[in-house]
Amino acid sequence: QVQLVESGGGLVQAGGSLRLSCAASERTFKDYAMGWFRQAPGKEREFVAQINWSGSSTYYADSVKGRFTISRDNAKNTVYLQMNSLKPEDTAVYYCAGTLLLRPRPKSEEYDFWGQGTQVTVSS
């Protein structure tokens with residue numbers, strides 16, 4: 001079972017930046033498409049971004065397009081989420097997730113394993 005550990009969350013002012021990291025325990029990390037999701041208090045978990053196994057294809061939610069960038073380093077078994085121009089509405093617990101599907105839909109049910117989450121708080 002692949003284990004994922006997120007880091008990099010914290011408190012930032014609106015307009016600021018954060019970079020989240022998600023480290024995987026398995027060398028087979030390169031076989032997985034990876035995604036980032038988030039869940040705000042009282043809301044359902046929502047898709048943020050995803051990247052295919054090689055890093056050649058990415059997809060973003062409209063709400064973060066142009067501000068967030070997902071990337072991966074298969075040599076380090078790590079996926080990243082660079083978040084710029086942060087807004088208070090980006091406040092949530094951010095989760096990374098992995099799947100063996102080649103072309104997963106941007107839905108949580110497409111993903112097989114999850115990290116524990118990292119809190120991102122954006123103050124106005």
Exercise for the section: Ignoring hydrogens and angles, state whether a donor on the side chain of T91 or E89 is under 3.5 Å from an acceptor on the partner side chain. Expected result: no
Show me the pairs that pass ring-ring contact (aromatic ring centres under 6.0 Å, His included) and involve [range], at least two apart or across chains.
range           : value
residues 87-124 : Y32-F113, F37-Y111, F37-W114
residues 49-90  : F47-Y59
residues 1-21   : none

Practice task
Using the disulfide bond (SG atoms under 2.5 Å apart) rule, collect all pairs that involve residues 11-123, keeping only residues at least two apart or in two chains.
Solution key: C22-C96
Between side-chain atoms of residues 101-109 and protein atoms elsewhere (two or more places apart, or another chain), which donor-acceptor pairs fall under 3.5 Å?
from : atom 1 : to   : atom 2 : distance (Å)
R105 : NE     : E110 : OE2    : 3.4
R105 : NH2    : E110 : OE2    : 2.9

Listed by chain and number, what are the side-chain contact (heavy atoms from CB on, under 4.5 Å) partners of [X], not counting sequence neighbours?
X    : answer
S124 : P88
S57  : N52
S7   : S21
Q82  : S17, R19, T69, N84

Exercise for the section: Treating Ile, Leu, Val, Met, Phe, Trp and Tyr as nodes and any side-chain heavy-atom pair under 4.5 angstrom as an edge, say whether L100 and L4 lie in one connected cluster. Expected result: yes
Handout entry: Path from V12 to W36 over hydrophobic side-chain contacts below 4.5 Å
Key = yes
Exercise for the section: May I have all residue pairs that pass salt bridge (charged side-chain N to carboxylate O under 4.0 Å, His left out) and include part of residues 40-58, sequence neighbours excluded? Expected result: R38-E46
Practice task
Sort and list the pairs that fulfil salt bridge (charged side-chain N to carboxylate O under 4.0 Å, His left out) and have at least one residue in residues 57-66, not counting sequence neighbours.
Solution key: D62-K65
Handout entry: Residues clustering with L11 (ILVMFWY side chains joined when closer than 4.5 Å, directly or via others)
Key = none
Handout entry: Taking every non-hydrogen atom, the tightest pair across N74 and R72
Key = OD1-NE, 2.8 Å
Fill in the blank from the handout: Value for CG (N77) from CE (M34), rounded to nearest 0.5 Å, stands at 9.5 Å
Would you check if the side chain of [X] reaches a backbone N or O of [Y] as a donor-acceptor pair within less than 3.5 Å?
X   : Y    : result
R67 : S85  : yes
E6  : G117 : yes
T28 : E26  : no

Handout entry: Beyond-backbone contact of V120 with M83, side-chain heavy atoms, under 4.5 angstrom
Key = yes
Practice task
Would you indicate whether the side-chain heavy atoms of V93 and T118 approach each other to under 4.5 Å?
Solution key: no
Problem - side chain to side chain contact (heavy atoms under 4.5 Å, CB included) partner of L20, chosen from I70, L81, V79 - result: L81
Exercise for the section: Take atom CD of Q116 as the centre, draw a 6.0 Å sphere, and report whether it contains more than 12 heavy atoms from other residues, nucleotides or ligands. Expected result: yes
